[in-house]
Q: 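Sending over a structure as structure tokens; questions will come in a sec.
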Amino acid sequence: MYPTTLTQLARANPFSAPLFTLQHIEEPKQSNGHDRRRLAAAAVADSEVSCEFGSMKYYALCGFGGILSCGLTHTAVVPLDLVKCRIQVDPEKYKSIFNGFSVTLKEDGTRGLAKGWAPTFIGYSMQGLCKFGFYEMFKVLYSNMLGEENTYLWRTSLYLAASASAEFFADIALAPMEACKVRIQTQPGYANTLRECAPKMYAEEGLWAFYKGVVPLWMRQIPYTMMKFACFERTVEALYKYVVPKPRSECSKSEQLVVTFVAGYIAGVFCAIVSHPADSVVSVLNKEKGSTAAQVLKKLGPKGVWKGLIARIIMIGTLTALQWFIYDSVKVYFRLPRPPPPEMPESLKKKLGLTE
């Protein structure tokens, strides 16, 4: 009964199976097709990888994938982001998504929809570098600290911890450009370009102008990123287990990338919901001089913090899906090694009585 009870508890654990510990074992090369690793989202043969897992080159290329995935996608949705921010800071003037676009086009023309593209591209590129690069680093670091068995049993907890740690540093890199972006988008006439905005903000408020929003950024982005990575990782597993009609190892790279996109969109919807209240605070805080996060939160109230949620769900869902798709495509293109799907270690199977 004892092993059976342990087995049931392990399977029922909602945080079951964190990551895994990778070990490189030298084996004779064989000509059959069973020497391929099954990967989390796209398959690459061990013999075809371009660098060692966990090497500086590996982390650097993951960071480059993060630059492309975050920088390009956030810049592509600048018009929607602009309208979303304006709904948050001036809901009486910008009553809905369509009304927001209509008013912006009438006042600023088509070019007005691109306001803030430069700080968006620079800021979110830096954020992507830290977010994805550090996530891979912390994931390996925490996995090694936990050990093989605990890493497997607490996989989701490990995803959450690694992504939160990475986002802490990513937001410090993002904060200055985010402050400029919001000021350009939500204060008509203040500045039209990054070159105008940054010096003006520094002259008025000093260095604090660029970092006063970092705490609300942490409040917004850390829960968002924890949801983004943990939900994505577990959704990918669920899709392969319950939806995809064939094993992951038999799927082509393009089929696996489709799974990546779908899992990314599902994760993005949840990301938008958990992070939206803090996003509203950041938008208003960066618009108003001398305000604090607590003052803005009190001013907005319980209903005000949810203004612009629909626009954010559309934007973040699409963003997250495209980000994972681009990031995974970069890994495929550069032939980066990827860990296999988590499997219960033999030592744990013996403890649970699953093997003799």
Q: Flag the pair Trp117 / Leu194 as yes when at least one side-chain heavy-atom distance between them is below 4.5 Å, and no otherwise.
A: no

Q: Which distance, rounded to the nearest 0.5 Å, do you find between the CG of Asn150 and the OG of Ser143?
A: 10.0 Å

Q: Can you hop from Met219 to Phe210 via hydrophobic side chains spaced under 4.5 Å?
A: yes

Q: For a quick test of reading the model, state the closest non-hydrogen atom pair linking Gly128 to Cys70 and the distance between them.
A: CA-SG, 3.5 Å

Q: Identify the two heavy atoms, one from Gly71 and one from Ser125, that lie closest to each other, and give their separation to 0.1 Å.
A: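 Smallest interatomic distance, heavy atoms only, reads CA-OG, 3.4 Å.
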
Q: Can a side-chain donor-acceptor contact be found between Glu178 and Tyr124 if the only test is distance below 3.5 angstrom?
A: yes

Q: Are Tyr333 and Leu68 linked, directly or through intermediate hydrophobic residues, by side-chain heavy-atom contacts shorter than 4.5 Å (ILVMFWY only)?
A: yes

Q: For Lys181, which of Leu82, Leu174, Thr120, Ile122 qualifies under side chain to side chain contact (heavy atoms under 4.5 Å, CB included)?
A: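 That would be Thr120; it is the only one of Leu82, Leu174, Thr120, Ile122 passing the side chain to side chain contact (heavy atoms under 4.5 Å, CB included) with Lys181.
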
Q: So which of Arg220, Gln127, Glu167 actually passes side chain to side chain donor-acceptor pair (under 3.5 Å) with Thr225?
A: Glu167

Q: So, using ring-ring contact (aromatic ring centres under 6.0 Å, His included) as the criterion, who are the partners of Tyr202 when residues are at least two apart?
A: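 Tyr202 satisfies ring-ring contact (aromatic ring centres under 6.0 Å, His included) with no residue once adjacent residues are dropped.
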
Q: How long is the span from the CD atom in Gln185 to the CG atom in Leu113, to the nearest 0.5 Å?
A: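 Here the rounded value is 10.5 Å.
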
Q: Do Val262 and Ile266 come close enough that some side-chain heavy atom pair is under 4.5 Å?
A: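 Yes - at least one pair of side-chain heavy atoms lies under 4.5 Å apart.
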
Q: After noting the C-alpha distance and the side-chain angles of Leu239 and Thr235, does the key distance pass the side-chain contact (heavy atoms from CB on, under 4.5 Å) rule?
A: CA-CA 6 Å; Leu239 288 174; Thr235 302; 4.1 Å; yes

Q: For salt bridge (Lys or Arg N to Asp or Glu O under 4.0 Å), just list the numbers for Arg86 and Glu107, CA-CA rounded to whole Å, side-chain angles, deciding distance to a tenth of an Å, and then say yes or no.
A: CA-CA 13 Å; Arg86 290 184 173 182; Glu107 293 182 347; 5.0 Å; no

Q: Mind checking whether Tyr59 and Ile67 sit in one hydrophobic cluster, side chains of I, L, V, M, F, W, Y counted as touching below 4.5 Å?
A: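 In one cluster with Tyr59: Ile67, no.
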
Q: Taking the inter-plane angle between the rings of Trp324 and Phe232 on a 0 to 90° scale, is it parallel (under 30°), tilted (30 to 60°) or perpendicular (over 60°)?
A: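 Because their plane-to-plane angle is under 30°, the rings of Trp324 and Phe232 count as parallel.
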
Q: Once rounded to the nearest 0.5 Å, what's the spacing between atom CD1 of Ile184 and atom CE of Met201?
A: 9.0 Å

Q: Kindly assign one of parallel, tilted or perpendicular to the pair Phe138 and Phe169, based on the angle between their ring planes and the thresholds 30° and 60°.
A: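 Phe138 vs Phe169 ring planes: parallel.
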
Q: Parallel under 30°, tilted from 30 to 60°, perpendicular over 60°: which one fits the rings of Phe334 and Phe64?
A: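 Judged by the thresholds at 30° and 60°, the geometry between Phe334 and Phe64 is perpendicular.
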
Q: Considering residues, nucleotides and ligands other than Glu196, do more than 12 of their heavy atoms fall under 6.0 Å from its CD?
A: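 Count over threshold, so yes.
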
Q: Any non-hydrogen side-chain atom of Trp306 less than 4.5 Å from a side-chain atom of His276?
A: yes

Q: Provide the closest heavy-atom pair for Lys131 versus Ala166 in the form atom of the first, atom of the second, distance.
A: O-CB, 3.5 Å

Q: Which value, rounded to the nearest 0.5 Å, describes the distance between Gln323 atom CD and Asp328 atom CG?
A: 13.0 Å

Q: Please report the closest heavy-atom contact between Gly264 and Thr320, naming both atoms and the distance.
A: O-CG2, 3.2 Å

Q: Any Lys/Arg nitrogen of Asp81 or Lys84 sitting under 4.0 Å from an Asp/Glu carboxylate oxygen of the other?
A: yes

Q: Tell me, do Ser347 and Glu149 make a side-chain contact under 4.5 Å, heavy atoms counted?
A: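 A side-chain contact under 4.5 Å exists here.
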
Q: Can you check side-chain contact (heavy atoms from CB on, under 4.5 Å) on Ile314 and Val77, steps first, answer last?
A: CA-CA 10 Å; Ile314 297 170; Val77 295; over 6 Å; no

Q: Determine, using the 4.5 Å side-chain heavy-atom cutoff (strictly less than), whether Leu217 and Phe121 are members of one ILVMFWY cluster.
A: no

Q: Just so I know, are the side chains of Val330 and Leu61 near enough to count as touching, which here means a heavy-atom distance under 4.5 Å?
A: no

Q: Using the rule given for side-chain contact (heavy atoms from CB on, under 4.5 Å), can you reason through Val83 versus Tyr94, listing the C-alpha separation, both sets of side-chain angles and the distance that settles it, and then say yes or no?
A: CA-CA 8 Å; Val83 172; Tyr94 304 95; 5.9 Å; no

Q: Check whether any side-chain heavy atom of Arg335 lies under 4.5 Å from a side-chain heavy atom of Cys51, and answer yes or no.
A: no

Q: Would you tell me whether Tyr142 and Ser165 have side-chain atoms, one donor and one acceptor, within less than 3.5 Å of each other?
A: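 There is such a pair (donor and acceptor under 3.5 Å, judged by atom type) between the side chains of Tyr142 and Ser165.
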
Q: Heavy-atom distance under 4.5 Å between the side chains of Lys106 and Ser102, does that happen here?
A: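 Side chain of Lys106 against side chain of Ser102, heavy atoms only: contact under 4.5 Å found.
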
Q: Grouping I, L, V, M, F, W and Y whenever their side-chain heavy atoms are under 4.5 Å apart, do Val103 and Phe101 come out in a common cluster?
A: yes

Q: Any side-chain heavy atom of Leu300 within less than 4.5 Å of one from Lys307?
A: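 The answer is no, as the side chains (C-beta and beyond) never meet within the 4.5 Å cut-off.
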
Q: What about Phe229 and Tyr159, are their ring centers closer than 6.0 Å?
A: no

Q: Looking only at non-hydrogen atoms, find the nearest pair between Cys85 and Thr186 and report the distance.
A: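 That would be CB-CG2, 3.8 Å.
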
Q: Could you state the interatomic distance from OH (Tyr224) to CD1 (Ile273), rounded to the nearest 0.5 Å?
A: 13.0 Å

Q: Which pair of non-hydrogen atoms, one from Tyr327 and one from Ser69, has the smallest distance, and what is that distance?
A: N-CB, 4.1 Å

Q: Can we say Arg183 and Glu205 salt-bridge, meaning some charged N sits less than 4.0 Å from an Asp/Glu carboxylate O?
A: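 A salt bridge is present here (some side-chain N lies under 4.0 Å from a carboxylate O).
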
Q: Going from CD on Gln187 to SG on Cys197, what distance comes out if it is rounded to the nearest 0.5 angstrom?
A: 8.5 Å

